[in-house]
Amino acid sequence: MKQMIIEGQNILTGKIDIGGAKNSAVALIPASILAKGKSIITNVPNISDRDALIDILKILNCEVTLNDDELIIDTTNLKNSLIAEKYSSRLRASYYFMGALLGKEKHVEIYIPGGCNIGSRPIDIHLDGFKALGARVTIEENKYILDADELIGTDINLRFASVGATINLMFASVYAKGTTVIHNAAKEAEIINIADFLINMGANITGAGTDTITIKGIENRELKGATIKVLPDRIEAGTYIILGALIGDNLTINNIDPTTIKALTDKLTQMGSKFTIKDNSLTISKSPNLKAIDIQTAVYPGFPTDIGQPMSVLLTQSHGTSVFEETIWENRMGHVPSLNKMGANITVNNMTATIKGPTPLKGCEVIATDLRGGASLVIAGLIAEGKTIITDVEHILRGYENIDKKLQQVGAKITIKEI
Ligand code: EPZ
């Protein structure tokens, strides 16, 4: 098990380079099996979710080569095999192999996905979409078996604009007979990145990034291996931007796409935070007297749920009472007890947190409960007086590449050690 040790209150200055988006990379890697041959994915983040997916590709007899942030995947000798629970349960995104293997092979056997403990995380929207395309779904204890004699394109109306279901149904329909239209599709920036990869392979997809995505099934030919670059991680960027608003001195966050973090930057402006955006960089410094503000998370382009927990730390230092309402996940307040233990004043009622500030924070021992909750504890430790020890940091390393090194480079006193 790994622990993070942080000495707080060091002003952070300099540059942080943002990596490729976890929530795109974890779909692009499974997508590679939709094509026959060699695909190259660049700007892949150095995170443990990447390694978990590479292990699954190897079970499927794919040849995988990782050169720094470039992943080369050769699916020529793909062998459709059972994806055992010890692999599928390591992350939520293992379920993208459902759509990819169903789409490519019309058969998949995979155990239940894992992922952060932020809610019940059902996959009914995915399964209903697969059935609409003609798949039979059998659930044996924790194992899903999906198969189809043939997949027929159809209209699919998502009851919720699910990111995962949108992506999985794109995968399942690229080879279907006829046209599939996904209505109420998720519009996250990552969806466009993933659709571009499939289009580069030869798929016929239009509308990615809007709420209606049309996939025309390709007849009698195979998708060919292609190249794609993972887009910048807007959640990693948002996490470090929030840190800059708390304890930065001209902290520059590089390799961002400012259009994908507008919901955050708009809120920061309303709170009185001062920052500048130039091309694909944002420079921010600690702003005194930040104003409390109300926030409600929403599907893209609303305020991202994944930035909510880091944002709650900024609200503990803002002047006044903020009301933070989480609307996507029913259990995304796991970090609150640790923040209150450090001196925050947060009361939670179901999915709403009332945050009174500013409250000075004091370092202490805390436990990461999930990826973004863990990131919020890193932020809290970096602004707290004294030492903070965070246990279970594996949660954090799933989604923040080289977080210790990136922070050390801008002046943070942070180390990770095995215990
Ligand atoms: C993706 O999860 C992200 N994960 C999440 O980021 C992110 O919070 C979420 O999208 C929303 O933006 C990855 O991309 C790997 P959803 P996903 O399907 O696809 C309900 C992080 O921190 N739902 O959009 O699983 C679900 O319970 C992670 O990086 C169903 O009810 O999210 C939730 O309430 C955490 N049935 C809501 O929809 C379904 O079949 C959003 O889920 C699917 C979802």
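When a ligand or atom number is given, it counts from 1 through the structure's own listing order.
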Original post:
In chain order, what residues pass the side chain to side chain contact (heavy atoms under 4.5 Å, CB included) check against Ala185, with sequence neighbours excluded?
Top reply: Thr166, Ile182, Ile213
Original post:
So, His335 versus Thr369: side-chain donor-acceptor pair below 3.5 Å or not?
Top reply: no
**OP:** Answer yes or no: are there more than 12 heavy-atom neighbours, outside Lys286 itself, under 6.0 Å from its atom NZ?
**Re:** no
**OP:** For salt bridge (charged side-chain N to carboxylate O under 4.0 Å, His left out), just list the numbers for Asp49 and Arg398, CA-CA rounded to whole Å, side-chain angles, deciding distance to a tenth of an Å, and then say yes or no.
**Re:** CA-CA 5 Å; Asp49 275 8; Arg398 283 193 43 218; 2.8 Å; yes
Original post:
More than 12 foreign heavy atoms under 6.0 Å from CD of Glu63: is that the case here?
Top reply: no
Original post:
List by chain and number: which residues place a heavy atom under 4.0 Å from ligand 1?
Top reply: Lys22, Asn23, Val26, Arg92, Tyr95, Ile118, Arg121, Pro122, Ile123, Asp124, Ile125, His126, Arg159, Phe160, Ser162, Val163, Gly164, Glu188, Thr305, Asp306, Ile328, Trp329, Arg332, Leu371, Arg372
Original post:
Would you call Asp392 and Lys2 a salt bridge, taking side-chain N to carboxylate O under 4.0 Å as the test?
Top reply: no
